[in-house]
Amino acid sequence: MTDTAVKLRLTGVRKQFAVRGSQEQFTAVEDISLELREGEFLVLVGPSGSGKSTLLDLLGGLSKPTEGELLLDGKPITGPGLDRGIVFQQYALLPWRTARANIEFGLEAKGLRRAQRRELADHYLELVGLAGFGDRYPHELSGGMKQRVAIARSLAFDPEVLLMDEPFAALDAQTRESLQDELLRIWKTTGKTILFITHGIDEAVYLGQRVAVLTSRPGRVKSILEIDIDRASGADIRSGERFREYRHAIWEQLQTEVSRAQGLERAEIGSAGNDRRHAHV
Ligand SMILES: Nc1ncnc2c1ncn2[C@@H]1O[C@H](COP(=O)(O)OP(=O)(O)OP(=O)(O)O)[C@@H](O)[C@H]1O
Ligand SMILES: [Mg+2]
C-alpha cells in the first residue's frame with residue numbers, strides 16, 4: 001500500500017448467522033481482509049449469496065462481525081454514521097415522503113437550511129433524470145426510478161465514503177451508462193472513497209480501479225485485479241482490447257465460483273432438512 005491513507009480496513013472479518021430452528025451457525029463471509037485507500041474506487045463482484053450485501057451491512061455499521069475488525073479512518077465501525085452513505089440493493093425510501101423529501105431527509109440530519117436542501121435535492125433529481133418527479137411518492141415511481149431517488153439521496157448527502165449495492169441493476173442500459181459516467185465524474189471531482197457492488201462484469205471493469213472477486217459462500221476474497229485503463233482518453237474504452245482482457249479474466253474467476261456454488265446447491269437440495277435460505281445462490 002502506498003503513502004495514501006487507508007480509509008477502510010477489514011481484517012479477518014467473519015459473519016455468521018443463526019440458522020432458524022437449529023443450533024448451527026451459517027457462515028456468510030469468512031476471513032475477509034481488504035483495504036480501501038482514501039479516494040479509491042473498489043468494485044466487489046461475486047456470485048449471488050457470496051456475502052456482498054452482508055459485507056456492506058457490516059461497513060455501514062448495521063450489523064456486527066462475528067469475528068474480525070472493520071476500521072474507518074483507523075477507528076472501529078460501531079454503527080451507522082454521517083461519514084458513510086449507503087445505496088441499498090433494495091431501494092430503501094421512506095414511503096410517506098415524496099422523492100424530493102426523501103433526498104432532503106439526510107440533508108436535514110446535516111443541518112442544512114430549507115432553501116439549500118431544496119436546491120440540492122432538485123439538482124440531484126435532475127442529475128438522475130428525475131426532474132419533475134420530486135413531488136411523487138415512492139409508490140408512484142417505477143423500481144428503476146426509486147433506485148435513482150436512492151442514488152440521488154446518497155450523492156446529495158455527500159459522504160466521504162459511498163457504499164453502493166448494485167445501484168444500477170434495475171436501470172435500462174442508457175440510464176445505467178449515463179449514471180456510471182456521472183458517478184465517475186463525481187468520484188474524480190470529490191475524491192470520495194467508493195465501494196461498489198455489482199453483478200455486471202462490464203460495469204466492474206468500467207468503474208473500478210480495482211475489482212475484488214469473492215468466492216461462493218462462504219465469501220472470501222478470491223482475487224483482486226488492478227484495472228489499468230486510461231479513462232481520460234475519451235475513447236470508447238468498452239470496445240478496447242484491454243477492456244476485453246480484463247472482462248474475460250473476471251468472467252473466468254466468477255465462472256469457477258458459480259459452478260462451485262451450483263454444485264453446493266445440488267448437494268444441499270439432495271440432503272434433508274436444509275434451510276431454504278442456504279439454497280439461495
Ligand atoms: N439476516 C440473515 N440471517 C440469515 N442468513 C442471512 C442473513 N442475511 C444474509 N444471510 C445469508 O448470507 C448469505 C449471503 O447473503 P448476501 O445477501 O450477503 O449475499 P449477496 O452476495 O449480496 O447476494 P446477491 O448477489 O444475491 O445480492 C446468503 O446465503 C444469505 O441467505
Ligand atoms: Mg446482495
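Please read these numbers as outputs of a predicted model, since none were measured by experiment. Start at 1 and go down the list; that is how both ligands and their atoms are numbered. Keep in mind that the numbers below use all heavy atoms, side chains included, and drop hydrogens, waters and symmetry copies.
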(message) Under a 3.5 Å threshold, yes or no: a donor from one side chain and an acceptor from the other, between S53 and Q89?
(response)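 Yes.
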(message) With no hydrogens and no angle check, just 3.5 Å: does a side-chain donor-acceptor pair link D172 and T175?
(response)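 Yes, a side-chain donor-acceptor pair sits under 3.5 Å.
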Can a non-hydrogen atom of [X] be found less than 4.0 Å from any atom of ligand 1?
{"X": "E166", "value": "yes"}
{"X": "G51", "value": "yes"}
{"X": "H199", "value": "yes"}

Just so I know, are the side chains of [X] and [Y] near enough to count as touching, which here means a heavy-atom distance under 4.5 Å?
{"X": "I197", "Y": "M164", "value": "no"}
{"X": "E160", "Y": "K192", "value": "no"}
{"X": "F133", "Y": "L125", "value": "no"}

Which atoms from ligand 1 have a heavy atom of [X] less than 4.0 Å away?
{"X": "T54", "result": "14 (C), 15 (O), 16 (P), 18 (O)"}
{"X": "S50", "result": "19 (O), 21 (O)"}
{"X": "Q89", "result": "27 (O)"}

(request) Keeping the roles fixed (side chain from K15, backbone from L58), state whether a donor-acceptor pair exists under 3.5 Å. (result)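 Flag not set: sc K15 to bb L58 has no pair under 3.5 Å.
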(request) Tell me whether the guanidinium CZ or amine NZ of R238 lies under 6.0 angstrom from the six-membered ring centre of Y206 and within 45° of its axis. (result)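 Yes; both conditions hold, so R238 lies above the ring face of Y206.
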(message) Counting only heavy atoms not in Q25 (residues, nucleotides, ligands), do more than 12 fall under 6.0 Å from its CD?
(response)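 Above 12, so yes.
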(request) Take S223 and Q253 through the test side-chain hydrogen bond (donor to acceptor under 3.5 Å, both in side chains) and record every step on the way to the result. (result) CA-CA 8 Å; S223 57; Q253 298 270 328; 2.7 Å; yes
(request) Could you please tell me which protein N, O or S atoms lie under 2.8 Å from the Mg ion (ligand 2)? (result)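 Protein N/O/S atoms under 2.8 Å of the Mg ion (ligand 2): S53 OG, Q89 OE1.
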(request) May I ask you to check if ligand 1 and A28 share an N or O to N or O distance below 3.5 Å? (result)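 No: no nitrogen or oxygen of A28 is under 3.5 Å from one in ligand 1.
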